Amino acid sequence: MNAVTAPVVTTTYREALRMALREALQRDPRVFLMGEDVGRYGGTYAVSKGLLEEFGEERIRDTPLSESAFVGAGIGAALNGMLPVVEVMTCNFSLLALDQILNNAATLRHMSGGQFNIPLVIRMATGAGRQLAAQHSHSFEGWYAHIPGIRVVTPATLEDARGMLWTALMDPDPVIMFENALLYNLEGELAADAGAVDIDRAAVRRAGSDLTLVTYGGSLPKTLQAAERLAAQNISAEVIDLRTLRPLDMTTVLASLAKTHRMVIIDEGWKSGSLAAEIMARVMEQAFYELDAPIERVCSAEVPIPYARHLEQAAIPQVETILAAALRTVK
Amino acid sequence: MTPDPMLARNLLHQMVRIRRFEEKSAELYSAGKIRGFLHLYIGEEAVAVGVMQALQPQDAVFATYREHGHALARGLSAGAIMAEMYGKVEGCSHGRGGSMHLFDAAAKFYGGNAIVGGGLPLTVGYALAQKMQQRSGLAACFFGEGAIAEGEFHESMNLAALWNVPALFLCENNLYAMGTALERSEADTNLVEKAASYRMAGKSVDGMDVLAVVEAAQQAVQFVRAGNGPYFLEFRTYRFRAHSMFDPELYRSKAEVERWKQRCPIAGFSARAISEGWLTSETIAAIETEVAREIAQAVEFAEAGTWEPVETLTRDVYTARTQTE
Ligand SMILES: Cc1ncc(C[n+]2csc(CCOP(=O)(O)OP(=O)(O)O)c2C)c(N)n1
Ligand SMILES: [Mg+2]
């Protein structure tokens with residue numbers, strides 16, 4: 001018998017990211033990683049652990065606490081022939097570099113009439129759920145998705161953690177990659193030969209016919225659990241992982257809606273002015289008559305994320321709240 | 001330094017080009033041909049001209065929103081700059097940038113940045129990439145003294161010195177950031193000392209004397225090229241005109257402006273060139289004629305330029321493959 005099963009490895013989201021970094025560094029001498037504590041410390045979330053020993057200080061570059069300067073330096077290096085991967089420890093600190101991201105990375109190509117490219121990847125951790133309180137629990141991916149000129153990707157699976165980086169580096173424009181911190185320990189199987197993946201399309205993570213659950217990033221595992229619970233009640237939920245928040249792949253979202261006619265959007269950003277609101281608006285514009293029920297949103301509550309565990313958990317999307325919204329939608 | 005007649009002619013020619021270009025720009029602004037913000041470089045010409053004299057084509061230049069002079073001295077055509085200010089496709093940024101965002105890839109002219117201090121981190125990164133790729137050019141960044149108060153300045157100074165990158169920091173100290181005099185914004189107005197606090201070599205230079213600028217810039221460039229790390233130059237200069245076209249100049253006296261005008265870099269250099277015998281008054285008159293012709297042609301070029309059709313409004317936001325959204 002010659003039914004070959006492709007070899008798989010058991011790994012984690014963190015290790016998959018590291019494999020992607022290692023591969024990129026091996027593959028192209030223009031690639032280098034810089035950020036706070038990416039080298040000696042091994043990376044705040046240990047993503048870059050061991051890379052300093054392998055690639056040296058030039059290419060695994062520790063920076064001072066100067067978010068604006070080193071993100072801007074990444075933009076300058078990208079302007080000048082390099083393929084930098086800049087790690088901003090968490091999106092919470094990216095606000096100190098927002099000027100560089102918004103006013104330089106996102107605009108230089110346009111302001112110059114198309115003369116320059118910024119093939120830069122900025123990685124940052126995002127999300128709440130670890131009782132880190134208001135200043136360390138932000139989810140800014142939706143905010144960044146507001147900005148023309150950058151691409152926003154949110155790997156939520158091992159395949160995407162392994163495969164999005166290279167594709168993002170090959171993109172001639174700046175890409176921001178949001179890694180939900182709760183995903184780093186996610187464990188599972190990954191094809192041993194896993195490599196680059198597309199970053200243009202949303203993915204159907206679970207097929208279904210009664211309603212569509214649209215989500216991304218850290219909310220994907222919760223949404224899949226909710227879908228499982230719905231299945232136990234004979235409700236068939238389709239789960240869409242957006243993967244890329246800008247540009248949005250509405251084609252996949254609308255194709256699902258055309259089947260199910262019902263939708264719940266799960267987004268860890270604050271509800272007001274959220275990415276979920278944007279998706280809702282686009283459905284209104286493009287597929288209003290497909291809807292058999294109002295769209296529901298499960299987002300973060302309008303509050304700085306509190307410290308106390310029960311309050312924090314109440315503030316962000318949960319399996320229970322997704323389930324409840326789904327049931328309201330199909331009833 | 002003593003310039004040979006060729007150099008003397010070139011320096012004066014470049015300064016006069018900028019002066020006349022700026023005067024024409026002001027006129028066209030009043031006529032409604034140029035819109036948006038317009039920041040004139042009149043009075044500060046010696047700085048851009050002197051520094052560009054010391055730079056080579058392989059060097060990169062980052063500038064501010066007050067950058068017409070730098071763009072001209074770097075070799076961008078007056079026509080392409082004027083067309084940009086008209087908003088025409090033929091402009092050096094295809095009409096997408098305007099006065100504050102002049103770019104030219106071929107000239108390694110990286111803008112045109114309208115965020116005070118915004119070009120400093122870019123310069124550090126660009127210079128870092130030069131070093132990592134073992135290329136010889138340096139990265140030069142012009143910025144006003146107002147930027148010294150920004151965090152980005154301090155972060156960038158530190159990073160440039162820490163990483164020993166081939167960057168040249170060119171501070172145009174015209175004494176005011178809009179209406180805020182330096183001593184009203186800095187506890188310590190010694191700028192070279194600030195660079196020194198990051199262990200960066202530096203020097204303060206008379207920015208009204210083009211020869212002093214050339215000399216200092218050449219030394220600084222040599223220092224950086226030799227691999228000694230970044231260098232900081234402060235040019236003491238003055239803008240003769242308002243900050244922008246919307247500035248009633250309440251913050252300084254007419255007498256002060258007049259005093260500085262006595263030190264006009266163009267008049268000063270012309271007089272000295274004649275008395276030293278570097279240039280004749282005929283040569284100077286010929287420069288004026290040449291420049292007048294160039295500016296007239298630039299305006300013609302801009303006038304004859306075309307407006308981009310609105311159908312292509314969203315171009316150049318992303319590179320072609322991701323343009324579809
Ligand atoms: C970060 C930022 N803050 C404020 C402004 C508004 N602004 C534009 S020019 C300027 C003054 C800057 O002065 P300086 O750096 O000395 O340059 P100069 O205009 O004198 O050439 C200010 C405050 C800005 N463009 N960017
Ligand atoms: Mg100033």
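Every chain is numbered from 1, with letters handed out A, B, ... down the list of sequences. These numbers were taken from a predicted model, which means no experiment stands behind them.
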Contact winner vs chain B - A/Ala78, A/Ala77, A/Ala106, A/Ala69, heavy-atom pairs under 4.5 Å: A/Ala69
For A/Ile150, which atoms come within 4.5 Å of any heavy atom of chain B: side chain, backbone, both, or neither? backbone
Rounded to the nearest 0.5 angstrom, the OH-CZ distance for B/Tyr318 and A/Arg109 is 11.5 Å
Got more than 12 heavy atoms from elsewhere within 6.0 Å of CD, B/Gln58? yes
Flag if over 12 foreign heavy atoms under 6.0 Å of CZ, B/Arg199: no
Residue, of A/Asn103, A/Ile75, A/Leu108, that accumulates the most heavy atom pairs under 4.5 Å with chain B: A/Asn103
B/Asn158 versus chain A, heavy atoms under 4.5 Å apart: side chain, backbone, both or neither? side chain
First locate atom CZ of B/Arg96, then atom CE of A/Met111, and finally report the distance between them rounded to the nearest 0.5 Å. 12.5 Å
The interface call for B/Leu120 against chain A, heavy-atom contacts under 4.5 Å, is neither
Rounding to 0.5 Å, atoms CE (A/Met82) and CE (B/Met132) come to a distance of 4.0 Å
Quick one: of A/Arg61, A/Arg30, A/Glu58, who has the most non-hydrogen atom pairs under 4.5 Å with chain B? A/Arg61
With chain A as the partner, which of B/Leu128, B/Val165, B/Val124 has the greatest number of non-hydrogen pairs under 4.5 Å? B/Leu128
Measure A/Ile147 against the heavy atoms of chain B and call it side chain, backbone, both or neither at under 4.5 Å. backbone
Please state whether the side chain, the backbone, both or neither of B/Phe153 comes within less than 4.5 Å of a heavy atom of chain A. neither
Give the minimum heavy-atom separation between B/Glu152 and A/Asp99, together with the two atoms involved. OE2-OD2, 2.9 Å
Is the shortest heavy-atom distance from the side chain of B/Ile115 to the side chain of A/Asn104 under 4.5 Å? no
Contacting moiety of A/Met34, where chain B heavy atoms sit under 4.5 Å: side chain
Spacing of OG belonging to A/Ser112 relative to CG belonging to B/Leu102, to within rounding of 0.5 Å: 11.5 Å
Counting only heavy atoms not in B/Lys131, do more than 12 sit closer than 6.0 Å to its NZ atom? yes
Crowded around B/His243 NE2? As in, over 12 foreign heavy atoms under 6.0 Å? yes
Given heavy-atom pairs under 4.5 angstrom as the criterion, report whether the side chain, backbone, both or neither of B/Gln130 touches chain A. both
Do the side chain of A/Gln100 and the main chain of B/Gly118 share a donor and acceptor less than 3.5 angstrom apart? yes
Locate the shortest heavy-atom distance separating B/Leu162 from A/Pro64; write the atom from each residue and the value. CD2-CG, 3.8 Å
Indicate yes or no for a side-chain donor-acceptor contact from A/Asp173 to the backbone of B/Thr319 under 3.5 Å, with no hydrogens or angles considered. yes
Please determine whether the number of non-hydrogen atoms from other residues, nucleotides or ligands lying under 6.0 Å from atom OH of B/Tyr198 exceeds 12. yes
Any side-chain to backbone donor/acceptor pair from B/Glu155 onto A/Phe70? Under 3.5 Å, distance only. no
Flag side-chain contact, heavy atom, 4.5 Å: B/Pro121 against A/Val71: no
Donor-acceptor pair, side chain of A/Asn80 and main chain of B/Tyr126, under 3.5 angstrom: yes
Set out, in order, the CA-CA distance, both residues' side-chain angles and the distance that settles side chain to side chain contact (heavy atoms under 4.5 Å, CB included) for A/Leu79 and B/Phe62, then state yes or no. CA-CA 12 Å; A/Leu79 258 180; B/Phe62 292 81; 4.0 Å; yes
Side chain A/Gln115, main chain B/Tyr110, donor-acceptor under 3.5 Å: no
